[in-house]
Amino acid sequence: MGIYDRNYYRDDESSSLLNARSVVVVLIVVNVIYFFLQNLLHSEALVRWLIVDSTLLHSPWQIWRLVTYSMVHIEPWTILWNMLGLFFFGRAVEDKYGPREFIRIYLMLAITAALVWLALYAGTGGGGALFGCFAVVLGMVVLFCLDDPKQTVIFIFVPMPAWLLGAILIGFDLVGILNGGANWITFAAHLAGALMAFIYFRTNMNLGRLFSSSGWPRLKRPTRLRLHDPEAEDRQLSRQVDAILEKISRDGESSLTKQERRTLEQASRRYQRRRQ
């Protein structure tokens, strides 16, 4: 049996849009529950405790707000559009990179937008506050567009290529910045999320591998002289392949290291030789 015939190298059945194990679905449920809870309690303190505003500069220990602001939505139409964008484009990103890397990407985009907002506020004294996950959604749209720019998408019942939708959404934020006003830094924070997504894609970044301890050099013990045992080598290679394919199923193909890719290529060549 070749490595491409193994069950977990095939398309994962968990990619169903309504699968409850999807990280995107969980995020949407959390956002909707909080939205109704927020409107039920009418607690301004609860909102202030989660959003990014000028008070965070004086309370830097409240670092959770760098992420929790993304689940605060004031108006029904904002949560509707953001959740739709997260559902369709976030699902595509999760399917490509895997659920764990998707969580890392989500956090990266949210934190980047929050830090840019704080930096611009500290430098210019702008007003307003940052809440909602549009910066994250815009980053997901950018990743989707860069991966397949000609893919047809529907925006306000109008079919268009993905790259055009990305250009329209980015254009809205650019217009918001040029028009000025108290919330211009919010539009800039949105674009920071889009720029971070662009950098992530173009540099072929993998956050799991970037922060993994396996990326640090390790001292290797001298190898001992061993007799050549083809069957033992096959068993060892098979165990390595199983572990790598499980990693692909869990974290996506982009999480693989160069060594792991070489191991798959070696196993594939050996399998081809046996078939011949």
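In what follows, every heavy atom counts, from backbone to side chain, and hydrogens, waters and symmetry copies are set aside.
- Listed for the Thr112 side chain is no donor-acceptor partner under 3.5 Å among the backbone atoms of Leu109.
- Partner of Val72 under the side-chain contact (heavy atoms from CB on, under 4.5 Å) criterion, chosen from Ile51, Leu46, Ile79: Ile51.
- Shortest non-hydrogen contact noted between Tyr106 and Cys133 is OH-CB, 4.0 Å.
- With sequence neighbours left out, Leu37 forms a side-chain contact (heavy atoms from CB on, under 4.5 Å) with Leu41.
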Just list the side-chain donor-acceptor pairs under 3.5 Å for residues 145-172, sequence neighbours left out, or say none.
{"from": "Asp147", "atom 1": "OD1", "to": "Lys96", "atom 2": "NZ", "distance (Å)": "2.8"}

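- Applying the side-chain contact (heavy atoms from CB on, under 4.5 Å) rule to Glu75 yields the partners Trp77, Thr78; only residues at least two apart in sequence or on another chain are considered.
- Residues in residues 47-69 take part in these ring pair (Phe, Tyr, Trp, His ring centres under 6.0 Å) pairs, two or more places apart or across chains: Trp49-Trp64.
- Residue pairs meeting the side chain to side chain donor-acceptor pair (under 3.5 Å) criterion with at least one partner in residues 187-196, sequence neighbours excluded, are Asp173-His190.
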Return a table of donor-acceptor pairs under 3.5 angstrom between the side chains of residues 194-203 and protein atoms on other chains or two or more places apart.
{"from": "Tyr200", "atom 1": "OH", "to": "Glu101", "atom 2": "OE2", "distance (Å)": "2.6"}
{"from": "Tyr200", "atom 1": "OH", "to": "Met205", "atom 2": "O", "distance (Å)": "3.4"}
{"from": "Thr203", "atom 1": "OG1", "to": "Ile199", "atom 2": "O", "distance (Å)": "2.6"}

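- Contact detail for Asn204 and Arg209: the closest heavy-atom pair is O-NH2, 4.2 Å.
- Looking at Met83 and Asn31, their side chains come closer than 4.5 Å, going by heavy atoms from C-beta outward.
- In the hydrophobic cluster analysis, where Ile, Leu, Val, Met, Phe, Trp and Tyr join through side-chain heavy atoms closer than 4.5 angstrom, Leu40 is grouped apart from Ile74.
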